[in-house]
Amino acid sequence: MDKKVTVVGAGNVGATAAMRLAEKELADVVLIDILEGVPAGKALDLAEAAPIEKHDSKILGVTNDYTQARDSDIVIITAGVPRRPGMSRDDLLSTNMGIIRDVTREVASVAPNSILIIVSNPLDAMCYVALKTSGFPKNRVMGMAGVLDSARFRAFIAMELNVSVENTHAFVLGGHGDTMVPLPRYSTVAGIPITELLSPERIDALVERTRNGGAEIVGLLKTGSAYYAPASAAVEMAEAILKDKKKILPCAAYLEGEYGIDGLFVGVPVKLGSAGIEEIIQIKLTDEEKAALENSASAVRKLVKDMERLGL
Ligand code: APR
């Protein structure tokens, strides 16, 4: 392949993302982890599936050897500790802050022109750590949250109305977490707003389920958090960049005044192409939606303050 994607963290999300990248022949893949043997073992296992899955992407797994990430086009960062039952994303703050800082330093030195897609939680705060540590311009650092949140909303809409998921479109703004802001009036089935297809009560129920989508899966799995859909979401972003698709997707982006928010990562619609975030799309919000987005931004701001107190 003429493109290279490094995935840091060979756990559930990272290994699944590596598999999807390879099977779609989007790039050669390097899988990096701190664990001895695990990234090499998973990469070899994936390479042995290639003849059956019919792809020629190369997959290499290494332990802490960042020289293998040299000149990557994209680096997807999933390293960290996942949530356990009863644990909030914010509990992960201090541990994952240190991990993201170390990983970003390594990546920035070997792949200074790469685009970073952050997956580790708490997402919006980890994006901030990656931006500050890498010194990369803001168009080359982004977080995966909105694509996952809107995929969850779409899945629930399709289940509710018994229609193809392909007919659904959903719009979710804000931080990844309990303060996310699903926008029903911009969420559609075959172009029809769901506000015309479902009662306000049913919409509220689907919105609530979307908001708790991560926690619902943590509660079921008990030993970790969701990974199939998060990996799909990160790979959709990578594909839009690698193929310069100019695709509009909700991503965590560093805002400097857009939506009245300054100096924070918050989930907003952006245009993804070969330069990364090529445009932040500003849509008109109602007063209620504005207040919900501001509430979401305040939660992210609080995390950033906490990190500064912890020595960011
Ligand atoms: N460098 C590289 N890899 C690391 C480091 C580090 N400094 N610290 C931890 N890791 C690795 C772990 O060894 C593990 O293999 O990150 C991997 C994380 O994988 P899982 O524990 O399976 O977690 P996963 O479900 O993949 O979630 C990863 O994504 O969705 C978020 O909240 C989730 O922050 C979590 C991240």
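Note that the structure is predicted; figures quoted are calculated from it, not measured. For this chain, numbers begin at 1 and follow the sequence in order. Just so you know, these numbers use all the heavy atoms, side chains as well, and skip hydrogens, waters and symmetry mates. Indexing begins at 1, ligand by ligand and atom by atom, following the structure's order.
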- prompt: Given Thr179 and Ser296, is the side-chain hydrogen bond (donor to acceptor under 3.5 Å, both in side chains) satisfied, shown in steps?
  reply: CA-CA 5 Å; Thr179 60; Ser296 186; 3.1 Å; yes

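Counting heavy atoms closer than 4.0 Å to ligand 1, residue Asn64 contributes nothing at all. Within the 4.0 Å heavy-atom criterion, neither part of Pro230 lies near ligand 1.
Compare Gly80, Ala234, Ser225, Ala15 by their heavy atoms: the one nearest to atom 18 (C) of ligand 1 is in Gly80.
Connectivity analysis of hydrophobic side chains (ILVMFWY, heavy atoms under 4.5 Å, direct or indirect) links Leu35 to Val38.
Ligand 1 lies nowhere less than 4.0 angstrom from a heavy atom belonging to Asp102. Look at Thr16 and you'll find every heavy atom at least 4.0 Å from all atoms of ligand 1.
Across Ala111 and Ser72, no two heavy atoms sit closer than the pair CB-N, 3.8 Å.
Atoms of ligand 1 lying under 4.0 Å from at least one heavy atom of Asn96, given by number and element, are 34 (O). Under a 4.0 Å criterion applied to the non-hydrogen atoms of Val13, ligand 1 contributes the atoms 24 (P), 25 (O), 26 (O), 27 (O). Which parts of ligand 1 touch Val103 is read off a 4.0 Å heavy-atom cut-off, strictly below it: atoms 1 (N).
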Return a table of donor-acceptor pairs under 3.5 angstrom between the side chains of residues 252-264 and protein atoms on other chains or two or more places apart.
residue: Glu256; atom: OE1; partner: Lys138; partner atom: NZ; Å: 2.8
residue: Glu258; atom: OE1; partner: Glu256; partner atom: N; Å: 2.6
residue: Tyr259; atom: OH; partner: Ile281; partner atom: O; Å: 2.7
residue: Tyr259; atom: OH; partner: Ile283; partner atom: N; Å: 2.9

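Considering backbone and side-chain N/O of Asn12, one or more are found under 3.5 Å from N/O of ligand 1.
Contact annotation: the side chain of Leu183 approaches that of Leu173 to within less than 4.5 Å [non-hydrogen atoms, C-beta and beyond].
Side-chain atoms of Arg140 and Ser114 form no donor-acceptor pair, as typed in the model, at a separation below 3.5 Å.
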